[in-house]
Amino acid sequence: MDNANLVVVGAGLGGMAVAIRLALQGKKVLVLEKNETYGGKLAAYKWEGFRWDRGPSLFTLPEQIKELFDLAGKSLKDYFEYVKMDYSCQYFFQDGSRLTIPADQEKRKELFVEIFGQKESAAAEEYIGRTKRIYTGLGNLFINHPKFGLNNIFDRKVLEQYPKLLSRPLLDNLDGFNRSYFNDERLIQIFNRFGTYNGSNPFKMSGIYSMVGSLELEDGVYFPKKGMRSIVDALYQLAIDCGVSFEFNQSEISVEQLDEGYKTESSGHIHLTKNVVSGIDVANFYTQILKDQTLERKIKKQERSSSGIVFYWAVDKIIPDLKLHNIFFGEDYKREFQQIFNGEFFDIQPTIYIHLSCVVNNEDAPESGQNWFVMINMPAGFKVSDQEKDKLRNYIYAVILKHFDVDIKNDILHESIWEAKDIEAITGAHQGALYGASSNHKLAALKRHGNTNKKYPGLYFCGGTVHPGGGIPLVLKSAKIVSTLIRKNDN
Ligand SMILES: Cc1cc2nc3c(=O)[nH]c(=O)nc-3n(C[C@H](O)[C@H](O)[C@H](O)COP(=O)(O)OP(=O)(O)OC[C@H]3O[C@@H](n4cnc5c(N)ncnc54)[C@H](O)[C@@H]3O)c2cc1C
């Protein structure tokens with residue numbers, strides 16, 4: 001493309017969302033992507049009648065996708081369709097009990113009373129109410145705007161949030177905060193688990209992240225009718241319709257700061273632009289694209305969020321009780337996270353997550369089978385040996401046998417695996433971390449890389465490794481923040 005006046009590096013969710021927003025501001029946007037296709041972590045995989053989404057499986061806050069189509073004056077349903085689930089997740093506990101949380105709030109309350117008793121259920125409602133208020137106040141202030149730093153701490157809007165900031169949720173860790181509400185270990189475990197939504201340790205991360213759980217329980221869980229990949233299929237089409245250009249297979253991109261603007265070089269083409277947006281892992285942007293070793297070292301010093309190992313299994317059997325999202329809690333949640341962040345393989349039975357998109361889209365598996373996505377959180381950068389993989393497989397079979405009395409060992413027709421090294425090689429995530437830096441430090445949100453860097457005016461950062469964080473909803477927020485900053489700086 002000639003005369004692009006803005007370059008975006010990376011055609012993941014963040015890169016495409018920001019490209020759409022900037023094209024709608026009238027810019028000629030060029031997206032440069034190292035892979036042969038768009039979507040990054042929202043990749044998909046097919047094998048003989050089975051289809052899997054490789055990366056994200058949990059879809060919340062769909063209005064953020066809709067916002068992009070509304071902005072472009074397009075009808076979302078011409079590009080993308082999703083359904084609201086009537087439950088969020090099915091939980092299996094070590095004692096053999098299980099619980100599926102209904103989306104309907106009255107039904108949820110009734111179920112909690114039945115299972116946990118009146119007192120714990122009332123505590124749950126109080127907890128959800130309080131953490132929702134934190135989200136509306138502090139969360140919105142923080143998530144919808146560029147990262148605030150020391151220069152903003154006396155802003156009126158920030159000052160108003162101090163009572164919330166200096167209260168128990170922030171000062172305690174997520175587990176401690178949850179324990180201040182609940183006695184039942186199962187409820188504590190459910191609410192601790194939301195810490196994994198940004199790949200962090202609930203026993204260390206701030207209790208402020210309790211708002212993640214409330215959002216899911218109150219707002220609900222959704223799923224795209226054609227699977228998660230259809231989110232990026234829709235955004236790619238929208239980007240094309242908005243006039244964005246893409247160049248794929250651009251594995252050697254370099255960006256150089258000029259006296260005014262930037263020179264981007266890729267496949268022998270040079271693009272001179274005032275602005276460049278990174279939609280890739282910020283650590284790798286500094287390493288591979290900008291070659292700024294000082295910043296690279298600074299970013300790489302930060303602890304990474306967890307990675308994972310995902311087994312994609314074509315299972316020649318139907319277990320009707322498996323739902324869209326299923327969690328099988330391990331034997332010692334605290335030790336599990338200690339080991340993940342010590343970079344060790346487990347000496348205990350870890351938590352297993354099983355996702356079946358065929359529950360929503362029956363085209364994802366043949367009639368006689370199911371497309372299992374089986375994930376166990378792992379340390380970033382961890383290389384799982386063949387022996388350890390066997391250990392994990394046998395453990396998963398045993399858990400399935402325990403809960404369903406079904407042996408699936410001989411029913412796996414095909415297996416593919418994604419682990420840290422694959423996630424790093426395919427998506428460029430430093431050490432295969434799912435969400436960039438971890439949030440294990442109480443002030444992690446303030447330490448996360450922002451959407452700009454003073455040293456590089458005109459260079460912007462979006463995506464899951466920068467402010468406000470990883471995961472689909474926050475990545476889309478980062479794209480919105482960046483496009484707003486660029487518009488403001490243009491005026
Ligand atoms: C297994 C797994 C499970 C997850 N589960 C969930 C979930 O359930 N819900 C949720 O919300 N989130 C989940 N996430 C996290 C979510 O996928 C990410 O936060 C989000 O997709 C990040 O989007 P992004 O655009 O920032 O980055 P990416 O999707 O990584 O996109 C970056 C793009 O940049 C390209 N790129 C990288 N390096 C270069 C380079 N040097 N030059 C050019 N291009 C480059 C990549 O190829 C890629 O296309 C999960 C992630 C994984 C891997």
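Just follow the structure's listing: the first ligand is 1, and inside any ligand the first atom is 1. Computed from heavy atoms alone, side chains included, the values below leave out hydrogens, waters and symmetry copies.
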From the options [options], select the one whose nearest heavy atom is closest to [atom].
{"atom": "atom 29 (O) of ligand 1", "options": "Gln288, Lys41, Glu247, Met375", "answer": "Lys41"}
{"atom": "atom 40 (C) of ligand 1", "options": "Leu58, Ile280, Ile423, Thr60", "answer": "Ile280"}
{"atom": "atom 34 (O) of ligand 1", "options": "Gly10, Gly15, Gly55", "answer": "Gly10"}

Which ligand 1 atoms, with their elements, are less than 4.0 angstrom from a heavy-atom of [X]?
{"X": "Ile289", "answer": "41 (N)"}
{"X": "Gly40", "answer": "29 (O), 31 (O), 48 (C), 49 (O)"}
{"X": "Gly279", "answer": "32 (C)"}
{"X": "Gly463", "answer": "26 (O)"}

Name the closest protein heavy atom to [atom], giving the residue it belongs to and the distance to 0.1 Å.
{"atom": "atom 22 (C) of ligand 1", "answer": "Val475 CG2, 3.8 Å"}
{"atom": "atom 14 (N) of ligand 1", "answer": "Tyr435 OH, 3.6 Å"}
{"atom": "atom 37 (C) of ligand 1", "answer": "Thr427 O, 3.3 Å"}
{"atom": "atom 5 (N) of ligand 1", "answer": "Pro56 CA, 3.3 Å"}
{"atom": "atom 12 (N) of ligand 1", "answer": "Gly471 CA, 3.5 Å"}
{"atom": "atom 31 (O) of ligand 1", "answer": "Gly12 CA, 3.3 Å"}
{"atom": "atom 43 (C) of ligand 1", "answer": "Lys34 N, 3.3 Å"}
{"atom": "atom 49 (O) of ligand 1", "answer": "Glu33 OE1, 2.6 Å"}

Salt-bridged, [X] to [Y], with N to O below 4.0 Å?
{"X": "Arg54", "Y": "Asp422", "value": "no"}
{"X": "Asp321", "Y": "Lys323", "value": "no"}
{"X": "Glu363", "Y": "Lys225", "value": "no"}
{"X": "Lys226", "Y": "Asp233", "value": "no"}
{"X": "Lys447", "Y": "Glu303", "value": "no"}

Could you check whether any heavy atom of [X] sits closer than 4.0 Å to an atom of ligand 1, since that is the contact criterion I want to use?
{"X": "Gly308", "answer": "no"}
{"X": "Asn35", "answer": "yes"}
{"X": "Ile426", "answer": "yes"}

Counting neighbours of [atom1] on [X] that are heavy atoms of other residues, nucleotides or ligands and sit closer than 6.0 Å, is the number greater than 12?
{"X": "Lys298", "atom1": "NZ", "value": "no"}
{"X": "Lys66", "atom1": "NZ", "value": "no"}
{"X": "His269", "atom1": "NE2", "value": "no"}

N or O pair under 3.5 Å between [X] and ligand 1:
{"X": "Arg54", "value": "no"}
{"X": "Trp418", "value": "no"}
{"X": "Ile253", "value": "no"}
{"X": "Gly464", "value": "yes"}
{"X": "Gly14", "value": "yes"}
{"X": "Thr37", "value": "no"}
{"X": "Ile472", "value": "yes"}
{"X": "Leu13", "value": "yes"}

I'd like to know if the side chain of [X] reaches the main chain of [Y], judged simply by a donor and an acceptor atom lying under 3.5 Å from each other, with no hydrogens or angles considered.
{"X": "Asn198", "Y": "Gly470", "result": "no"}
{"X": "Tyr333", "Y": "Thr351", "result": "no"}
{"X": "Asn371", "Y": "Trp52", "result": "no"}

When you compare the side chains of Lys204 and Ser438, does any donor N or O come within less than 3.5 Å of an acceptor on the partner?
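No, Ser438 and Lys204 have no side-chain donor paired with an acceptor closer than 3.5 Å.
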Heavy-atom distances under 4.0 Å decide this one: backbone, side chain, both or neither, for Asn284 against ligand 1?
neither
Quick one: does ligand 1 sit under 4.0 Å from the side chain of Phe59, the backbone, both or neither, non-hydrogen atoms only?
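Looking at Phe59 and ligand 1, no heavy atom falls under 4.0 Å.
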Please round to the nearest 0.5 Å and tell me the distance separating atom OG of Ser267 and atom CD1 of Ile253.
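Reported value, rounded in 0.5 Å steps: 8.0 Å.
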